[in-house]
Each structure stands twice: as C-alpha cells, then as structure tokens.
**Q** 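What follows is a structure written as structure tokens; I'll ask about it next.
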Amino acid sequence: MRDAEITVCNVAEAMLAWYDRNARDLPWRIPPGDDTPPDPYRVWLSEVMLQQTTVAAVREYFLRFTTRWPTVSDLAAAPDADVMGEWAGLGYYARARNLLKCARVVADRHGGTFPDTYDRLLALPGIGPYTAAAMSAIAFGRPETVLDGNVERVMARLYELHTPLPAAKPVLHAYATALTPRNRPGDYAQAVMDLGATICTPKSPACGICPLRDRCAARLAGNAAQLPKKTPKKPKPTRRGTIYLAQRSDGAWLMERRPDHGLLGGMLGWPGSDWAETAQDAPPLQADWTLLPGEVRHTFTHFHLILTVMTATLPADSAPDSGFFLAPDQFRPSDLPTVMRKAYDLARSK
DNA sequence: CATTCGTGGAG
DNA sequence: TCTCCAAGAAT
C-alpha cells in the first residue's frame, strides 16, 4: 500500500517537473511559475475549440475570438451570424451554437461569471465531462481528473491495458483519478495532455525521452505503440448531390442559413439538393443553369461527398423562393464552412 | 452503448 | 490516395 502511494505521488511529481521544463507556449496558457490568475473565459473558449481539434488549427481562431470578444459578456452580445462566421472552417459547428448559448447563460444568469464547480459547469451547454474537469482544474485549481484522448493513451500505456476503447474508458478514468495530485492540478492536467501530444504520441512514441519511461508497463513490455487498442471503425460511404451558385446582376448571391440541427447546422451555405447515394437535381429557382466543369470533393466525419456545381446569373428583380440574397459587400467567403467555400472557389476559378 | 458531427495534417 | 486521428458533446 505504501509503495503504491509513493508510486502515485512520484508520477505526478515527475509530470510536473517535466512540465516545468517543457510546457509549450500556447496563447491560452499561463506558463508554469507565472502566478497570473487564469481567466475562466479564455480557459473555457480554448477548451471548447480544442475539442477534437488540433492545437495548430485552434491557435489563430482563439486569437481572433479573444480580440473581437474579450469577455464572455462581449461574446454573449454578439449576433449569431457573426459568431458562426468567425467559427467557419473550424468544424463541429454545434460547438459554436452551444458556445453562444453558454455565453448567454453565463452573462444573463450568472452575471458574467462562470460557475467554479464541476457539476455546475457540466450543466452548461457544450460543456461535457472533459471540459468541466479541465475548467475546474485549470481555471479554478480543483483536483478534478481530465480524461481526453491523450490521457486515455498515456494511462493505457502506463498500465498496459489491452481492453479496447471505448469500453476501457471507466478503467482508464479510475487510473487517471488515482494519479491526479491535490497540488497544481491544472498544470498536471496540461502536463499529461502535453505529454500525450508531444511524446506519448499515437504511432511512434518517443519512449526514450519520456519522464515516465521507467514506470511505464507498456514501454517495459515493448508494446507502447500498439496501445490503446480501439474497436474498428465503419467504412465511409460516398454521397452525391448538386449545389447551386446564383448571382444576381447586381452582384448579390443567393444563399441560405442552414437549420440549427444537423450537418453544418446554423452555417451559411449555398442552396442545393439532399446528399444521398445517387445525385439529384433541386434547383432553388427557375434559371438558365450551367453545369460547372469539375466537382467538389469533401470528406466529413462519416461520409465522402461529391458535389456537382451549377451556376446561373439572375435578373435584378429576381426574388428567392427560399433563402435570401446577400450583397457582395456583405459576403465574406471566410464565413463559409469548408465544403461551401470549395464550391465557391471552384466557381470563381472558371 | 452507438451514432452524429468537420477539418486539415501526418504518415 | 487513403487512413488515422486531435484537449468530446449531444442525442
């Protein structure tokens, strides 16, 4: 029993010592040793952006968001379209919708101050078990246990757990909880995630320079790169569709706001057909449509998409059956999700 | 517990 | 070209 406690204690100490020397410089991070109090708004925003998204992709979005909306109340007061447009390209757009919902709850019902406990954070839109734990630890110094993909990998290797994910999650969480220190829990959480991102990587982990190399069961067994095991994924089907880019003679584009739920929910887009196994026509209005040479290829989380693009020029008095016309000075291609921007780029290149 | 939900970089 | 996968949440 005494040995186990010493081992547990040493893991956290080894991780914090490693973090003190190797912490990456990130825009949302307070460096170890810096006693500046963390801003819960910035911790929250970064954690939501980092959900299933790489540090490299998040960096510039985080800087733009915090420059444009320095506080949660600023964000809460922003028009929906502005926030969705700023999020465009980052993916998983339900995050942006929930981000706004959460900001408005915090601004309207909490006086602009985030709650500081795991349970109350968990109750907010877009904050799940991981983000509630990360905010508790990083923003509020509480010894909560974070379990993200990095921590899962580090724990599976440290304890050489061969049970495949996601079934292994409860056991991995128990391992992670046993290691979480009362001291500097925020730095510790970031240390384990940094380790997973830079040393204990999925494919070829750098075990030789790992601060836990002497006590990692998988490293000792020589199978670190084979862990964690995962249940195999389904193959992605291919769907097809047609998308319509119409520009009025005054330059205005015919566009639509996608419904809040479902794929690309809440985002700006071009009108078009459903996306199904076989392509189909669904022009938004009667016009002299021209088939654009080429096609748009895009891969979502669970299917490949091939889009045929049609273009048309419409008379100045044209009125849409659905959607709306967006004047050229109000149309920013950067407001589009990537698949819609690809269609725009294809049309513009002709 | 399984499915839905983006994107871009790495290998 | 193709698969994997990254600081997950909601349903």
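Below, chains carry the letters A, B, ... as their sequence lines are ordered, and counting in each starts from 1.
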**Q** With a cut-off of less than 4.0 Å, is there a side-chain N or O of R153(A) near OP1 or OP2 of dA6(C)?
**A** yes

**Q** Classify the nucleic acid contact of I127(A) as base, sugar-phosphate or nothing, counting any heavy atom under 4.0 Å across all strands shown.
**A** sugar-phosphate

**Q** Do the charged groups of R240(A) and E277(A) touch, with an N to O distance under 4.0 Å?
**A** no

**Q** Given atom CD of Q51(A) and atom P of dA10(C), what is their separation to the nearest angstrom?
**A** 8 Å

**Q** Could you work out the separation of dT11(C) and dG6(B) based on their P atoms and round it to a whole Å?
**A** 14 Å

**Q** Specify the separation, in whole Å, of atom CG of L147(A) and atom P of dG8(C).
**A** 10 Å

**Q** Could you check K236(A) against A132(A) and say which one's nearest nucleotide on DNA chain C is further toward the 5' end?
**A** K236(A)

**Q** Contact class for L26(A) vs. all strands (heavy atom < 4.0 Å): base, sugar-phosphate, or nothing?
**A** base

**Q** Starting at the 5' end of DNA chain C and moving along, which residue's nearest nucleotide shows up first, G196(A) or K203(A)?
**A** K203(A)

**Q** With a cut-off of less than 4.0 Å, is there a side-chain N or O of K233(A) near OP1 or OP2 of dC5(C)?
**A** yes

**Q** Nearest to the side chain of P202(A), heavy atoms from C-beta on, is which of dC5(C), dG8(B), dG6(B)?
**A** dC5(C)

**Q** Within the pair H302(A) and dT3(B), is there a side-chain N or O less than 4.0 Å away from OP1 or OP2?
**A** no

**Q** With sugar-phosphate meaning primed atoms plus P, OP1 and OP2, does W28(A) contact a base, only sugar-phosphate, or nothing at under 4.0 Å between heavy atoms?
**A** base

**Q** Rounded to whole angstrom units, what separation is found between the CG atom of D345(A) and the P atom of dG8(B)?
**A** 11 Å

**Q** Students often mix this up, so state it plainly: with edges at 30° and 60°, are the rings of F65(A) and W87(A) parallel, tilted or perpendicular?
**A** perpendicular

**Q** For a quick check of understanding: with a heavy-atom distance under 4.0 Å over all strands, which category does G265(A) fall into, base, sugar-phosphate or nothing?
**A** nothing

**Q** Quick one: label G262(A) by what it contacts on the DNA or RNA (base, sugar-phosphate, nothing), any heavy atom closer than 4.0 Å.
**A** sugar-phosphate

**Q** Measure NZ/K342(A) against C1'/dG8(B) and give the value in whole Å, please.
**A** 9 Å

**Q** Please report, rounded to the nearest Å, how far the P atom of dG8(C) is from the OH atom of Y130(A).
**A** 7 Å

**Q** Looking at dG8(B), does its base get a donor-acceptor pair with the side chain of T54(A) below 3.5 Å?
**A** no

**Q** Between Y92(A) and dT4(B), is there a side-chain N or O to OP1/OP2 distance below 4.0 Å?
**A** no

**Q** To the nearest Å, give me how far apart CG (L99(A)) and C1' (dG8(C)) are.
**A** 14 Å

**Q** Distance only, no hydrogens: is a donor on one side chain within 3.5 Å (strictly under) of an acceptor on the other, for D274(A) and Q280(A)?
**A** no

**Q** If you compare every side-chain N and O of Q52(A) against the phosphate oxygens of dG8(C) (OP1, OP2), does one of them come in below 4.0 Å?
**A** yes

**Q** Checking all strands, does S204(A) fall into the base, sugar-phosphate, or nothing category for heavy-atom contacts under 4.0 angstrom?
**A** nothing

**Q** In whole angstrom, give me the gap between the P atoms of dT3(B) and dC4(C).
**A** 16 Å

**Q** Please give me the minimum heavy-atom distance between R239(A) and H302(A), naming the atom from each residue.
**A** NH2-CD2, 4.4 Å

**Q** W44(A) and F114(A): aromatic ring centres closer than 6.0 Å?
**A** yes

**Q** Return the value, rounded to whole Å, for the distance between atom NZ of K230(A) and atom C1' of dC5(C).
**A** 7 Å

**Q** Rounded to whole Å, how long is the line connecting atom CG of L124(A) with atom C1' of dA9(C)?
**A** 13 Å

**Q** May I ask you to say whether R97(A) pairs ionically with D80(A), meaning some side-chain N is under 4.0 Å from a carboxylate O?
**A** no

**Q** Determine whether any donor atom in the side chain of T53(A) lies under 3.5 Å from an acceptor atom in the base of dG8(B), or the reverse, and answer yes or no.
**A** no

**Q** Measure centre to centre between the rings of Y344(A) and F331(A), then say whether the value is under 6.0 Å.
**A** yes

**Q** Take R97(A) and K234(A), find for each the nucleotide of DNA chain B with the closest heavy atom, and name the residue whose nucleotide sits nearer the 5' end.
**A** K234(A)

